[in-house]
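What follows is a single structure, written as structure tokens, with notes after it.
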Amino acid sequence: MSSPDGTAPPDRPDGTAADQVAADPAPTAQQSTEVLTESGVEATDGTPAAAKAGDDRELALGPVGHLGDRLFGGLARGSGGLVILIVAFVGIFLLALAIPALADDKSSFLFSRVWSPGGSHPQFGIAALFYTTVISSLIGMLIAVPVAIGVALFVTYYAPKRLAAPVAHAVDLLAAVPSIVYGLWGALFFAPILLPVINGLSDGLGWIPVFKKPIGDNVGVVFTVSVVLAIMILPVVTAISREIFAQTPIAHREGALALGATKWEMIRMAVLPYGRSGVVSASMLGLGRALGETVAVMIILTVPNGNDPWDPSIFAGGETFASKIANNAAEFDSPEKTGAYIAAGLVLFVVTFLVNSAARIIVDRSTPGAKKRPRRNRRAEGATA
Amino acid sequence: MTTIAENKPAYDGQALDLTGRSGARAFKNTLATVLIVLAFVIALIPLAWILITVIGKGYHLLLNADWWSQSQRGITVRRAGGGAYHAIMGTLIMALITAVIAVPIAILGAIYLVEYGKGTRVAKVVSFMIDILTGVPSIVAALFVYAVWITVFGFNRVGFAVSLSLVLLMLPVVLRSTEEMLKLVPDELREASYALGVPKWKTILKIVVPTAFGGIVTGVMLGLARVMGETAPLLILVGYSKNINLNPFNGFMGALPTMINQDRTELALPHAADRVWAAALTLILLVLVLNLLARLIARFSAVKSK
């Protein structure tokens, strides 16, 4: 242990080392103790550092309530650990039950569109499920995000002060409607009014396979699902965007206005750039929600007849991971069949995991709130070290 | 800017026009305002539409006392009568069991994050895992419990299994809101308690948690509201029963979402349709009441910092 300023002789005995470090100018002492604890050199002369670390706490609390502290602290830590265990278990159990079924699968799990698990020749692949899940959620996100940004801006900068809170709550109420009600309403009342939109889009863009409308006026199609999903994720995206927009520093906003910007220019130059990463992560969280939505999709989306060829059009029916699993819950009779659905669930888990992690990483990297957080953490670490 | 300042006199009545908006800019501003207000209106249309539909089609059964006290036992889709007592009780029982399991874990976990593990690597992992749990789709949670409860242990499909899967969905909601509330408790309160020689655990239980209590209850309400509307776990983990079954460990159990799901295939029959919308309205009412309660509690018991 040589102090950074190099004044300490290398062959000092341990007992004086601490004194000498303590006698050094304050900042150096601070630095060297931190270096000590961080690099883990305490093994050789850890006692002074450990005693110093203990000081802050032991003095404040005294010896009273040691057992209670240990018990309660243990409970709290245990609960924290339990959360980690739960998520690990979810992954491990799904994997453990999916693997035997995947080993029996006679077709390519990732690239096949066939789904007939069970029997002596089980074949199942997730390509079609993956496509429908992702495209319906992506379109839902494309519709929801601009509207959500508009609503968030309305609440934060356009609505009269007195209206802003009730308006925000009204949009939040959309999240309180159970998804099965969305499904019912979507299938019975909302889907029919989308028919002209579907017809218009397929007339104009029908030369692209994705927009080509199959024969017949089916409204239980991927596009309808997307619009309903958009409504369902709107409150999530709005709530987060609203918070981010409201945090735009007043200096930025007033600066823009003082330069003569109109309200819209102020928002475009100050608010939107400031909130961009927040909106991106909010959209990702919404996307995660849409990917896993089950019952609404199950009710609205028509399951194509097994004999029809696969249709990539968003104006055709289909099945998502979640709706496939829910539709066939009654089929979980043999381990192989169940394993096939669990394998599909595992893929959904992984996809939502990736999307949500990405959202979290974007939030942590670049939200304004995040800049404060590490600093506070560092202070907390400094206190305990 | 500098050229204008040099070439023009200080004030000529024109160059210093402070509104300074050309037609195009004013137009863009108006257009943006219109679009933003329009976005808001668009967002409210589905909400109003759903509420009007469900209330209009479902309210008359709710006015009947039978709805709240009778089950659907022996009542076929073609017949009128019966109530939703079995489904309401099922929904409440499953939600209650979920809360009993999830709330202590969530509160202790939040205490760990704020009071014990602050800034440590383990706390960061826990925090990340909670984010993951927030994003777990309900069908995946249900499949997981199916894998453990039915495939591995060989138990039956019962209400308790549903509760177990709902724990996964409720836990992160309660934990996050509790964490936020505990963070709001001023450090001065903790320090004052420590200075009086109160041990840390007592400080947390008697000072920190009571201060944040309102916020914690809000989180619990929101968590309950979230799990009550979930349908996917019900479809996979418990069968629907028209009889009153209050035992979550034995037999199938009615619940409002599965009651809706049961009759929705027979919407062409007027009595079945009535029941579907009445059950939907009951479910929305339950969830809304919880949400509003949460809001009220939050408003009247906000942590006063400083």
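Chain letters run A, B, ... following the sequence lines, proteins first, then strands; residues in each count from 1. Basis for what follows: all heavy atoms, side chains included, without hydrogens, waters or symmetry-related copies.
- With a 4.5 angstrom heavy-atom cutoff, B:Val152 touches chain A only via side-chain atoms.
- With values rounded to the nearest 0.5 angstrom, A:Arg77 atom CZ is found 7.0 Å from B:Tyr116 atom OH.
- Taking every heavy atom of both residues into account, B:Leu288 and A:Ala176 meet most closely at CD2-CB, 4.0 Å.
- Heavy-atom pairs under 4.5 Å with chain A were tallied for B:Phe40, B:Phe128, B:Trp277; the largest tally goes to B:Phe40.
- Smallest separation of non-hydrogen atoms from A:Ala170 and B:Leu44: CB-CD2, 4.0 Å.
- Using a 4.5 Å cut-off between heavy atoms, B:Leu267 touches chain A through its side chain atoms alone.
- Residue contact with chain A, scored on non-hydrogen atoms closer than 4.5 Å, involves the side chain of B:Val54 exclusively.
- Both the backbone and the side chain of A:Ile84 come within less than 4.5 Å of a heavy atom in chain B.
- Using a 4.5 Å cut-off between heavy atoms, B:Leu222 does not touch chain A at all.
- When heavy atoms are compared at a cutoff of 4.5 Å, B:Thr33 approaches chain A by way of both its backbone and its side chain.
- Taking CH2 of A:Trp264 as the start and OG1 of B:Thr30 as the end, the distance is 12.5 Å to the nearest 0.5 Å.
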Go through it in stages, so that I can follow the logic: the residues are A:Asp69 and B:Lys200, the test is salt bridge (Lys or Arg N to Asp or Glu O under 4.0 Å), and I'd like the CA-CA distance, side-chain angles, deciding distance and then a yes or no. CA-CA 6 Å; A:Asp69 262 341; B:Lys200 185 166 186 172; over 6 Å; no
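- Taking CG of B:Leu168 as the start and CZ of A:Phe89 as the end, the distance is 12.0 Å to the nearest 0.5 Å.
- Looking at B:Ala43, the atoms closer than 4.5 Å to chain A (heavy atoms on both sides) sit in the backbone and in the side chain alike.
- Residues A:Ser179 and B:Thr231 share a closest heavy-atom pair of OG-OG1, 4.5 Å.
- Using a 4.5 Å cut-off on side-chain heavy atoms (C-beta onward), A:Ile180 and B:Leu283 make contact.
- With a threshold of 4.5 angstrom between heavy atoms, B:Leu171 approaches chain A through side-chain atoms but not through N, CA, C or O.
- The shortest distance between side-chain heavy atoms of A:Asn356 and B:Asp131 does not fall below 4.5 Å.
- Neither the backbone nor the side chain of B:Leu196 has a heavy atom closer than 4.5 Å to any heavy atom of chain A.
- When side chains are defined from C-beta on, B:Ile139 does not count as touching A:Val295, because their heavy atoms never get closer than 4.5 Å.
- With chain B as partner, the option from A:Leu94, A:Val147, A:Val90, A:Leu153 having the largest number of non-hydrogen pairs under 4.5 angstrom is A:Val90.
- Both the backbone and the side chain of B:Trp49 come within less than 4.5 Å of a heavy atom of chain A.
- Taking both residues in full, the closest heavy atoms of B:Ala280 and A:Val181 are given as CB-CG2, 4.0 Å, listed atom of the first, atom of the second, then distance.
- In this structure, chain B has heavy atoms under 4.5 Å from both the backbone and the side chain of A:Phe190.
- Residues B:Ile204 and A:Phe72 meet the side-chain proximity criterion, which asks for heavy atoms closer than 4.5 Å.
- Distance check: B:Leu47 CG to A:Ile231 CD1 gives 10.0 Å after rounding to the nearest 0.5 Å.
- Between B:Phe144 and A:Phe93, the ring planes lie perpendicular to each other; the angle is over 60°, past the 30° to 60° tilted range.
- With chain B as partner, the option from A:Gly292, A:Gly150, A:Gly339, A:Ala76 having the largest number of non-hydrogen pairs under 4.5 angstrom is A:Ala76.
- Considering only heavy-atom pairs separated by less than 4.5 Å from chain B, the leading option among A:Val83, A:Val228, A:Thr338 is A:Val83.
- Distance check: A:Thr294 OG1 to B:Leu235 CG gives 8.5 Å after rounding to the nearest 0.5 Å.
- Under the 4.5 Å side-chain criterion, counting only non-hydrogen atoms from C-beta, A:Thr352 is not in contact with B:Val140.
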Take A:Asp172 and B:Arg295, measure what side chain to side chain contact (heavy atoms under 4.5 Å, CB included) needs, and give me the verdict at the end. CA-CA 11 Å; A:Asp172 287 346; B:Arg295 290 259 154 70; 3.7 Å; yes
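- Around atom CZ of B:Phe27, no more than 12 heavy atoms belonging to other residues, nucleotides or ligands sit under 6.0 Å away.
- Contact count versus chain A (heavy atoms, under 4.5 Å) is highest, among B:Leu35, B:Val287, B:Leu143, for B:Leu143.
- In this structure, chain B has a heavy atom under 4.5 Å from the side chain of A:Leu234, while its backbone stays farther away.
- Residue A:Tyr341 touches chain B through its backbone alone, counting heavy-atom pairs closer than 4.5 Å.
- Side-chain atoms of B:Tyr146 come within 3.5 Å of backbone N or O of A:Phe332 as a donor-acceptor pair.
- In this structure, the portion of B:Leu205 lying under 4.5 Å from any heavy atom of chain A is its side chain and not its backbone.
- The contact between A:Tyr158 and chain B is made entirely by side chain atoms (from C-beta outward), counting heavy-atom distances below 4.5 Å.
- Distance check, rounded to the nearest 0.5 Å: CG of A:Leu188 to CZ of B:Arg264 gives 9.5 Å.
- A:Ile342 touches chain B through backbone and side chain together, each having a heavy atom under 4.5 Å away.
- The side-chain heavy atoms of B:Pro46 and A:Trp185, taken from C-beta on, include a pair separated by under 4.5 Å.
- Most heavy-atom pairs under 4.5 Å with chain A: of the set B:Ile132, B:Asn261, B:Ile130, this distinction falls to B:Ile132.
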